[in-house]
2 protein chains.
Amino acid sequence: MATEQYKKEDHLLLAVDCIIFGFDGNRIKALLVKRNLEPGLGKWSLMGGFVKKTESVKDAATRVLNLLTGLTDVYMEELGSFGEVNRDPGGRVVSIAWYALIKINDYSEALMKEHQSKWFELDHLPVLLFDHGEMILQAKERLREKVSAHPAGFTLLPSKFTLQQLQGLYEAIYEKKMDKRNFTRRVLELGLLKKLEEKEKGTSRKGAYLYVFDKNKYDKLSKKGFRII
Amino acid sequence: MATEQYKKEDHLLLAVDCIIFGFDGNRIKALLVKRNLEPGLGKWSLMGGFVKKTESVKDAATRVLNLLTGLTDVYMEELGSFGEVNRDPGGRVVSIAWYALIKINDYSEALMKEHQSKWFELDHLPVLLFDHGEMILQAKERLREKVSAHPAGFTLLPSKFTLQQLQGLYEAIYEKKMDKRNFTRRVLELGLLKKLEEKEKGTSRKGAYLYVFDKNKYDKLSKKGFRII
DNA sequence: ATTAATAAGTGTAAAAAATACATTTATTAA
DNA sequence: TTAATAAATGTATTTTTTACACTTATTAAT
């Protein structure tokens with residue numbers, strides 16, 4: 001099947017690793033699993049897997065994410081390759097890291113038991129397998145860049161959310177407090193949100209209006225580019 | 001050598017492809033070569049090669065770039081992976097694309113003859129091998145994002161350059177005319193440039209002062225981040 | 001020596017965007 | 001009816017960005 005000239009070239013293992021981010025209303029968290037094979041059996045690690053010959057790299061990442069979370073249609077982007085020769089003591093494995101943004105409640109307690117997985121705050125990460133710590137650091141940085149100009153962050157929130165939840169998310173990602181009036185004005189002026197009649201009554205007597213993200217308006221806006229933060 | 005569990009996994013070919021950008025004083029160009037193996041023998045393509053077991057992915061990209069240009073210490077960054085199953089009819093090859101920024105005069109006529117290579121303007125690209133056209137498009141977009149906040153673009157210019165050459169570079173990357181006064185003010189206010197006594201006399205009787213990029217000042221600035229354009 | 005030609009170099013006013021900041025409002029539990 | 005609590009809202013100030021045109025230095029031609 002392969003061209004003659006290709007046969008003499010080195011073949012190696014290609015893996016994907018998924019940095020899965022969630023938002024608990026207060027902090028950004030990453031979902032980690034206890035590794036179930038050697039080397040590094042039992043260590044906390046990112047969810048990963050090998051790319052098969054019959055699937056694209058993206059499909060492999062999607063498959064690995066689905067295997068852990070059961071989720072499909074998840075926001076996911078490539079972070080980049082990690083290709084040091086000795087990064088994996090088990091063999092020559094190049095890994096392509098992907099980051100995914102999921103709604104934290106979509107990942108149930110049951111799944112956490114089943115996979116020996118756990119959400120960790122980004123500044124309380126355990127010792128991690130191989131170069132997975134570096135992957136998470138880079139993904140965190142990439143997430144910041146991403147949400148500054150793209151509405152990716154919305155996928156970390158429930159589909160209906162209050163303005164204060166949205167602000168809380170940006171504050172968590174940028175690790176700094178923002179001014180409520182300025183934030184509200186800016187985000188509403190973008191015209192990406194649709195205000196609902198409905199109110200969220202969990203956190204106050206008055207209740208805060210719920211909003212949804214309006215993908216239509218985003219698609220129009222995104223052509224000429226814009227800045228969220 | 002490899003762990004037992006890894007052995008049953010699919011092994012595949014991993015390649016690197018280099019998008020090499022240059023600036024001729026007027027337009028951004030990409031350096032392409034005539035492919036010297038099947039499949040696609042004789043087609044215009046990016047310079048590429050397979051990642052060996054004994055080298056990191058980054059080292060492979062560096063090696064491939066050096067093989068074509070003879071250059072070392074070149075500004076190079078990973079663009080991302082291209083991993084569709086059938087992207088290369090010769091076999092299952094995942095490619096990691098890198099973009100490099102070089103001074104166009106560092107690449108001699110002699111090398112162009114030797115490698116059957118040629119500089120192409122980005123809007124006059126020939127038909128390209130596999131997904132290399134898409135790689136170049138993505139790299140062009142990435143270059144824009146990059147130079148808006150990082151001084152990477154300077155590596156496309158000679159080490160001494162005039163303000164109008166620098167402006168010309170940004171105009172080429174963004175494909176739009178900019179105001180000379182505003183551009184000059186902004187770029188000088190950043191404090192990244194050192195003005196020399198020397199003048200460039202090629203393009204005017206008066207002559208334009210030459211500047212050099214001051215890496216020291218950049219390193220200080222880069223911690224808190226800044227915006228060039 | 002004077003003039004003509006050419007690109008280099010420079011400043012200011014207006015508009016837009018970002019920031020700093022505090023009070024009123026709606027609701028419910030006591 | 002009152003107290004408590006978070007939600008909602010506007011304005012003045014500062015900073016940044018944009019728009020815009022004339023003077024200067026130099027040399028080649030006369």
Side-chain angles (χ1 to χ4, degrees), chain A residues 24-26 144-145 147-149 157-158 160-212 221 224-229, chain B residues 24-26 144-145 147-149 157-158 160-212 221 224-229:
Chain A
D24 69 358
N26 203 32
R144 277 192 192 186
E145 290 163 13
V147 300
S148 76
L157 292 173
K160 295 174 182 181
F161 51 86
T162 67
L163 291 176
Q164 15 288 319
Q165 288 171 330
L166 181 60
Q167 181 174 343
L169 171 63
Y170 274 87
E171 289 179 342
I173 292 174
Y174 286 98
E175 288 169 329
K176 70 170 183 187
K177 285 279 166 209
M178 296 173 187
D179 182 89
K180 180 166 57 161
R181 283 163 293 188
N182 293 339
F183 181 87
T184 303
R185 184 185 331 115
R186 225 179 4 212
V187 81
L188 289 179
E189 272 172 0
L190 281 176
L192 300 177
L193 301 184
K194 203 161 71 188
K195 189 178 186 172
L196 305 177
E197 295 297 306
E198 215 176 329
K199 275 187 171 184
E200 150 70 37
K201 304 292 284 254
T203 51
S204 78
R205 305 209 200 287
K206 186 178 180 178
Y209 280 103
L210 287 165
Y211 289 78
V212 291
L221 261 175
K224 49 175 181 164
F226 58 92
R227 199 134 273 278
I228 296 177
I229 291 290
Chain B
D24 68 359
N26 203 32
R144 278 192 191 185
E145 290 163 13
V147 300
S148 77
L157 292 174
K160 297 174 182 181
F161 50 85
T162 67
L163 292 175
Q164 15 290 320
Q165 287 172 330
L166 182 59
Q167 180 175 344
L169 172 63
Y170 274 86
E171 289 180 341
I173 293 174
Y174 286 99
E175 289 170 329
K176 70 170 181 186
K177 285 279 164 210
M178 297 173 185
D179 181 272
K180 181 168 55 162
R181 284 162 294 188
N182 293 339
F183 181 86
T184 302
R185 183 183 334 114
R186 224 180 5 213
V187 81
L188 288 178
E189 272 173 359
L190 282 175
L192 300 177
L193 300 185
K194 202 161 70 188
K195 189 177 185 172
L196 304 178
E197 295 298 307
E198 213 175 331
K199 276 187 168 184
E200 151 70 38
K201 306 290 286 251
T203 51
S204 79
R205 305 205 199 289
K206 187 177 179 178
Y209 280 103
L210 287 164
Y211 289 77
V212 289
L221 262 174
K224 51 176 181 161
F226 58 91
R227 198 134 273 279
I228 296 178
I229 292 288

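Chain letters run A, B, ... following the sequence lines, proteins first and then strands; every chain starts at 1.
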Closer to the 5' end of DNA chain D via nearest nucleotide, is it A:Thr203 or A:Lys195? A:Thr203
In whole Å, what is the span from the CZ atom of A:Arg186 to the C1' atom of C:dA18? 8 Å
Test of understanding: with salt bridge (Lys or Arg N to Asp or Glu O under 4.0 Å), list the residues that count as partners of A:Arg181, not counting sequence neighbours. A:Asp179
Hey, is the main chain of A:Arg186 close enough, under 3.5 Å, to the side chain of A:Glu189 for a donor-acceptor pair? no
B:Lys201 side-chain proximity, nearest of D:dC20, D:dT27, C:dA7: D:dT27
Whole-Å gap separating C1' (C:dA26) and CD (A:Glu198): 18 Å
Any idea which of D:dA21, D:dA25, C:dA20 is nearest the B:Lys180 side chain? D:dA21
Could you state the CZ-P distance from A:Phe183 to D:dA7, rounded to the nearest angstrom? 13 Å
Pair assignment for C:dA30, Watson-Crick or G-U wobble, requiring both distances under 3.5 Å: D:dT1
Which nucleotide in the list D:dT5, C:dA8, D:dT26 gets nearest to the side chain of A:Arg205? D:dT5
Could you state the atom-to-atom distance from NZ of A:Lys199 to P of D:dA8 in whole Å? 7 Å
Taking CZ from B:Arg227 and P from D:dT17, how many angstroms apart are they, rounded to a whole number? 10 Å
Measure NZ/B:Lys176 against P/D:dT17 and give the value in whole Å, please. 12 Å
Ignoring the backbone of B:Ala208, work out which of D:dA8, D:dT5, C:dG9 is nearest its side chain. C:dG9
Picking from D:dG10, C:dG9, C:dA26, the nucleotide nearest the side-chain atoms of A:Lys206 would be C:dA26
Assess A:Lys195 against A:Tyr211: is NZ or CZ under 6.0 Å from the centre of the six-membered ring, and within 45 degrees of the ring's axis? no
A:Leu210 versus A:Lys199: any side-chain heavy-atom pair under 4.5 Å? no
Let me know the distance between CZ of A:Arg181 and P of C:dT19, rounded to the nearest Å. 14 Å
Over how many whole Å does the gap from A:Phe226 atom CZ to C:dA16 atom P extend? 21 Å
For residues A:Ile229 and A:Ile173, determine if any side-chain heavy atom of one lies less than 4.5 Å from a side-chain heavy atom of the other. no
Earlier contact from the 5' end, DNA chain C, for A:Arg185 and B:Asp179: B:Asp179
